[in-house]
Colleague: 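Here it is, the structure in full.
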Amino acid sequence: MERIAVIDFETTGLSPNSSCRATEIAVVMLENGRIVERYQSLMNAGVRVPAFIEQLTGISNAMLRTAPSAERVMEEVNEFVGCTPLVAHNASFDQKFWDFELGRIKRTRLQNFACSLLLARRLMPAAPNHKLGTLTTFARLPHTGQAHRAMADAEMAANLMAHLADELRSKHGVRELSHDLLCKLQKVPAAKVSEHLQRYR
DNA sequence: TGCCAGGCCCTCTTTAGGGCCTT
């Protein structure tokens, strides 16, 4: 599969607006199942981190006071990602924040997002649930650090993505794996996944 | 004042409701 960028945001809430913004971003570049490059930064968007979120992520208001501005970080990470296809766990969440934070620096996303949550629901139906941590344990993938920090979660999602790619090759006989295939597969009804994948054998 | 995410996915469904998943 071509190089893909696996992304994870920490934020102050669930949906971006004037008081709900990103606090940290991490991106890892995955090539042939291996992480080959990393970008990670806290980002100061000038909003207050609620106590609940400080507790959840460990990212405090004090930490963000000395962090680079959200604008500067987004310029850097947008340069780092370029037009590399994107992946995230529950991508609809990260896509909202990626598009919102990019929009604030007058940039537009050029590539699609694939979603490891939607793919795992189709390819790992026996998992107890499809939370990132549960899937990591279920598939016996390495622990990557403190959950709910951007780099640990991005690495977990990248390891999961590599595992899903292995499953597609070994269990479904897919020969040519591409980001485009993943984007199509994540929309196929679960019951029709095997039938859909026959065209890629 | 009152609002307070939203797309996916299952089912006791489709003229709907509610759990899952992300912070």
Side-chain angles (χ1 to χ4, degrees), chain A residues 4-28 40-64 67 70 73-74 77 86-104 109 112-139 141 143-161 163-164 182-196:
Chain A
I4 57 174
V6 184
I7 185 172
D8 187 79
F9 274 109
E10 302 306 317
T11 71
T12 63
L14 293 172
S15 196
N17 58 49
S18 58
S19 61
C20 179
R21 298 285 301 279
T23 56
E24 187 178 45
I25 187 169
V27 180
V28 300
Q40 180 271 328
S41 182
L42 290 168
M43 46 201 286
N44 184 350
V47 297
R48 180 151 193 86
V49 183
F52 163 69
I53 298 290
E54 278 194 354
Q55 189 84 11
L56 179 71
T57 65
I59 298 170
S60 67
N61 286 290
M63 288 162 69
L64 292 184
V73 172
M74 288 307 297
V77 72
L86 288 160
V87 171
H89 195 71
N90 198 15
S92 65
F93 173 85
D94 292 280
Q95 183 180 320
K96 279 188 298 188
F97 281 92
W98 180 257
D99 289 350
F100 184 88
E101 296 293 349
L102 265 195
R104 292 185 57 90
R109 174 166 52 91
N112 289 325
F113 268 88
C115 176
S116 56
L117 167 65
L118 296 181
L119 291 166
R121 279 180 178 158
R122 286 159 177 76
L123 299 172
M124 299 171 69
N129 62 57
H130 295 88
K131 293 177 184 176
L132 184 55
T134 303
L135 291 168
T136 293
T137 303
F138 184 73
L141 301 173
H143 289 277
T144 55
Q146 185 192 348
H148 293 299
R149 286 302 300 264
M151 181 53 79
D153 284 2
E155 288 186 354
M156 260 196 287
N159 291 336
L160 174 62
M161 208 49 249
H163 174 76
L164 293 171
L182 300 177
C183 289
K184 289 191 171 83
L185 183 61
Q186 69 189 15
K187 296 176 185 169
V188 173
K192 300 210 168 186
V193 163
S194 290
E195 180 188 330
H196 177 84

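Just so you know, these numbers use all the heavy atoms, side chains as well, and skip hydrogens, waters and symmetry mates. Naming convention: chains lettered A, B, ... in sequence-line order (proteins, then strands); numbering from 1 in each chain.
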Colleague: Which pairs would a plain distance check flag for residues 50-57 of chain A, meaning a side-chain donor or acceptor within less than 3.5 Å of a matching protein atom at least two apart in sequence or in another chain?
Modeller:
unit_1	atom_1	unit_2	atom_2	d
Glu54(A)	OE2	Asn61(A)	N	2.9
Glu54(A)	OE2	Asn61(A)	ND2	2.9
Thr57(A)	OG1	Ile53(A)	O	2.9
Thr57(A)	OG1	Ile59(A)	N	3.0

Colleague: In whole Å, measure the gap between the C1' atoms of dC12(B) and dG19(B) for me.
Modeller: 15 Å
Colleague: Taking side chain to side chain contact (heavy atoms under 4.5 Å, CB included) as the definition, give me every residue that meets it alongside Ala91(A), ordered by chain and number, with sequence neighbours left out.
Modeller: Ala88(A), Phe113(A), Cys115(A)
Colleague: Using a heavy-atom cut-off of under 4.0 Å over every strand shown, decide if Ile53(A) touches base, sugar-phosphate, or nothing.
Modeller: base
Colleague: So, does His148(A) get its side chain near the phosphate of dT23(B), meaning an N or O under 4.0 Å from OP1 or OP2?
Modeller: yes
Colleague: What integer number of Å spans the C1' atoms of dC8(B) and dC3(B)?
Modeller: 25 Å
Colleague: So which pairs with a foot in residues 146-158 of chain A pass side-chain hydrogen bond (donor to acceptor under 3.5 Å, both in side chains), sequence neighbours left out?
Modeller: Glu24(A)-Arg149(A), Arg38(A)-Glu155(A)
Colleague: So, OP1 or OP2 of dC20(B): does either fall under 4.0 Å of a side-chain N or O from His130(A)?
Modeller: no
Colleague: Would you list the pairs meeting salt bridge (charged side-chain N to carboxylate O under 4.0 Å, His left out) in which at least one residue belongs to residues 86-100 of chain A, sequence neighbours left out?
Modeller: Asp99(A)-Arg109(A)
Colleague: Looking at DNA chain B, which of residues 91-102 of chain A put a heavy atom within less than 4.0 Å of it?
Modeller: Phe93(A), Lys96(A)
Colleague: Restricting to salt bridge (charged side-chain N to carboxylate O under 4.0 Å, His left out), what partner residues turn up for Arg121(A), sequence neighbours left out?
Modeller: none
Colleague: Between P on dC8(B) and CG on Leu119(A), what's the gap in Å once rounded to a whole number?
Modeller: 13 Å
Colleague: Can you tell me, in whole Å, how much space there is between the P of dG17(B) and that of dC4(B)?
Modeller: 16 Å
Colleague: Using a 4.0 Å heavy-atom cut-off across all strands, classify Thr57(A) as base, sugar-phosphate, or nothing.
Modeller: sugar-phosphate
Colleague: Quick check on side-chain contact (heavy atoms from CB on, under 4.5 Å): which of Asp8(A), Thr144(A), Val28(A), Val27(A) does Met151(A) satisfy it with?
Modeller: Val28(A)
Colleague: Where do N or O atoms of nucleotides 9-13 of chain B meet protein N or O atoms at under 3.5 Å, pair by pair?
Modeller:
unit_1	atom_1	unit_2	atom_2	d
dC9(B)	OP1	Arg122(A)	NH1	2.6
dC9(B)	OP1	Arg122(A)	NH2	2.6
dC9(B)	OP2	Arg122(A)	NH2	3.2

Colleague: To the nearest angstrom, how far is Ile25(A) atom CD1 from dT23(B) atom C1'?
Modeller: 14 Å
Colleague: Go through the structure and list residues passing side-chain hydrogen bond (donor to acceptor under 3.5 Å, both in side chains) with Ser116(A), not counting sequence neighbours.
Modeller: His89(A)
Colleague: Taking the side chain as everything from C-beta on, heavy atoms only, tell me whether Met74(A) gets closer than 4.5 Å to Leu102(A).
Modeller: yes
Colleague: At a heavy-atom distance below 4.0 Å, what parts of residues 11-19 of chain A sit against DNA chain B?
Modeller: Thr11(A), Gly13(A), Leu14(A), Ser15(A)
Colleague: List, one per line, each side-chain donor-acceptor pair under 3.5 Å for residues 123-131 of chain A, sequence neighbours excluded.
Modeller:
unit_1	atom_1	unit_2	atom_2	d
Asn129(A)	OD1	Lys131(A)	N	3.0
Asn129(A)	OD1	Thr134(A)	OG1	2.9
His130(A)	NE2	Met124(A)	O	3.0

Colleague: Using atom C1' of each nucleotide, how far apart are dT13(B) and dG18(B) to the nearest Å?
Modeller: 12 Å
Colleague: Would you please name every residue forming a side chain to side chain contact (heavy atoms under 4.5 Å, CB included) with Asn44(A), sequence neighbours left out?
Modeller: Ala67(A)
Colleague: Please report the distance separating the C1' of dC20(B) from the corresponding atom of dT15(B), rounded so that it comes out in whole Å.
Modeller: 25 Å
Colleague: Can you check the distance between dG6(B) and dT23(B), where both ends of the measurement are the C1' atom (answer in whole Å)?
Modeller: 14 Å
Colleague: So, using side chain to side chain contact (heavy atoms under 4.5 Å, CB included) as the criterion, who are the partners of His143(A) when residues are at least two apart?
Modeller: Thr137(A)
Colleague: Identify the two heavy atoms, one from Ile25(A) and one from Trp98(A), that lie closest to each other, and give their separation to 0.1 Å.
Modeller: CD1-CZ3, 3.8 Å
